[in-house]
2 protein chains.
Amino acid sequence: MPTEGPELETVHLLRAAAVELGLHSARFASRNGMHPTDVRALIVLMDARRAAEETTAGRLGAALGLNSAGTTALVDRLERAGHVRRVRGATDRRKVVIEVDERAVALGQAFFGPLIGQVVELLQGYDERERAAIRGFLEGVRGAAAAADRPLTS
Amino acid sequence: MPTEGPELETVHLLRAAAVELGLHSARFASRNGMHPTDVRALIVLMDARRAAEETTAGRLGAALGLNSAGTTALVDRLERAGHVRRVRGATDRRKVVIEVDERAVALGQAFFGPLIGQVVELLQGYDERERAAIRGFLEGVRGAAAAADRPLTS
DNA sequence: CCCTATTATCTCGCTCAGCAAGATACTTGG
DNA sequence: CCAAGTATCTTGCTGAGCGAGATAATAGGG
């Protein structure tokens with residue numbers, strides 16, 4: 001057991017920040033009568049939209065780790081709330097492409113925009129070398145957490 | 001709408017890292033037949049243990065945002081799995097103090113230890129000024145996310 | 001002291017997210 | 001044009017968490 005160095009406090013801080021970000025999403029969810037999964041789904045959909053990719057029901061479910069039944073129920077909820085639309089695939093009519101409603105996008109930007117703005121502002125208080133350290137650290141954390149998935153792979 | 005500066009990519013990275021950390025906890029949960037809430041509960045309990053504070057059922061529920069019924073069910077699950085013990089309060093016998101089992105602590109350390117170690121190692125690759133920037137950034141993010149709770153407070 | 005208000009936890013009945021299994025609709029290769 | 005494959009939906013179920021109220025124990029005024 002390492003004797004509690006100052007690095008561990010930073011790790012603690014990292015966890016606290018991650019938890020707080022999660023709680024912020026949860027607030028968005030409950031304030032809009034949604035569940036955490038619904039928010040995660042909207043984020044996936046908006047990311048795909050940014051990348052100009054179509055998201056089908058199947059892809060969405062896979063991205064969230066839901067099975068087909070859960071995915072159908074999820075899309076039903078989001079559609080009922082008016083956040084997304086189901087559009088049958090043009091070339092392959094088995095597919096259901098999920099489109100995010102503009103208002104849902106605006107809702108998300110209105111809620112997350114301020115926080116994003118604050119973080120951007122925060123970043124601007126650092127010089128380039130410090131910003132590079134922050135980026136590198138975040139990249140490293142993400143990689144380490146993701147790599148912990150498949151244990152002993154090269 | 002800001003025209004997509006390089007800071008936004010860092011924000012994106014921050015979100016990705018937070019998500020990945022969340023998924024890591026979720027893996028711990030599912031690998032041990034637990035739910036995300038159970039893991040959060042154990043973290044709260046272990047944090048309290050470190051600080052040498054007693055955690056009652058009520059405090060735990062409040063920390064997790066559960067009502068009394070949900071808290072009872074949660075403690076039942078954790079107790080059934082052998083991760084915690086219920087101990088009636090010594091001075092106030094209405095209270096139920098929740099104690100974490102040593103094996104649950106060891107389980108958590110075994111799972112999260114390697115990732116924590118990697119992050120500590122990562123930090124050691126930076127000089128003191130860079131580490132201060134990372135700490136300051138994380139602190140700022142946590143504060144901003146937490147402050148977004150109560151909107152327009154001084 | 002005792003009786004009422006208060007506090008801490010638990011019990012009951014319910015709602016709803018997500019799962020497993022299988023039905024349905026559509027496509028594609030032979 | 002049909003069989004195998006693929007994408008989504010339907011059905012029936014399990015279990016986390018909620019609201020309301022029961023139960024148990026303490027604290028304080030009379």
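All values below come from the heavy atoms of this structure, side chains included, with hydrogens, waters and symmetry mates left out.
- Comparing atom distances between the B/Arg88 side chain and each of C/dG18, C/dT9, C/dG22 picks out C/dT9 as nearest.
- Listed nucleotides D/dT26, D/dG17, C/dT27 differ in distance to B/Thr37; the shortest reach to its side chain belongs to D/dG17.
- One donor-acceptor pair, N or O on each side, does fall under 3.5 Å between the base of D/dT6 and the side chain of A/Arg94.
- Counting any heavy atom pair closer than 4.0 Å across all strands shown, B/Arg59 reaches no nucleic acid atom.
- In the set D/dA16, C/dC16, D/dT6, the nucleotide with an atom closest to the side chain of A/His35 is C/dC16.
- Residue B/Thr56 is in sugar-phosphate contact alone, with no base atom involved, counting any heavy-atom pair closer than 4.0 Å across all strands shown.
- The separation between A/Leu64 atom CG and D/dT8 atom P is 13 Å, rounded to whole Å.
- Out of C/dT6, D/dT8, C/dT9, the shortest distance to the side chain of B/Ser68 is found at C/dT9.
- Between the C1' atom of D/dT8 and the CD1 atom of A/Ile98 lies a distance of 10 Å, rounded to the nearest Å.
- Mapping B/Ala57 and A/Asp92 onto DNA chain C by nearest heavy atom places B/Ala57 closer to the 5' end of the strand.
- Backbone-only engagement by A/Gly65 is indicated by non-hydrogen atom pairs under 4.0 Å involving sugar-phosphate atoms exclusively.
- Note: CZ (B/Arg80) to P (D/dG15) measures 9 Å, nearest angstrom.
- Atom CG of A/Asp101 sits about 11.0 Å away from atom CD of A/Glu79, to the nearest 0.5 Å.
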*Chi angles and distances behind the side-chain contact (heavy atoms from CB on, under 4.5 Å) call for B/Asp47, A/Arg15*: CA-CA 12 Å; B/Asp47 280 354; A/Arg15 197 194 68 189; 2.6 Å; yes
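- Within the nucleic acid shown, B/Ala69 comes within 4.0 Å of at least one base atom, counting heavy atoms only.
- Between B/Phe28 and B/Phe111, the ring planes are tilted. Angles from 30° to 60° get that label.
- Rounded to whole angstrom, the span from the CZ atom of A/Arg86 across to the C1' atom of D/dA7 amounts to 12 Å.
- The nearest whole Å value for the distance from the CE atom in B/Met34 to the C1' atom in D/dA16 is 14 Å.
- In this structure, CZ in B/Arg88 is found 9.5 Å from CZ in B/Arg93, a value given to the nearest 0.5 Å.
- At a threshold of 4.0 Å, the pair B/Glu128-B/Arg135 counts as salt-bridged, since one of the basic side-chain nitrogens sits closer than that to a carboxylate oxygen.
- Each of A/Thr71 and A/Ala90 has a nearest nucleotide on DNA chain C; the 5'-most of these lies closest to A/Thr71.
- Rounded to whole Å, atom P of C/dG18 lies 10 Å from atom CG of A/Leu78.
- Picking from C/dT9, D/dA7, C/dT7 the nucleotide with the shortest atom distance to the side chain of B/Thr72 gives C/dT9.
- Side-chain heavy atoms closer than 4.5 Å link hydrophobic residues (I, L, V, M, F, W, Y) into clusters, and following such links, possibly through other members, connects A/Leu13 to A/Phe137.
- The side chain of B/Leu66 lies closest to D/dC18, out of C/dT9, D/dT8, D/dC18.
- The nearest whole Å value for the distance from the NZ atom in A/Lys95 to the P atom in D/dG5 is 18 Å.
- Look at CG on A/Asn67: it is 16 Å from P on D/dT11, rounded to the nearest Å.
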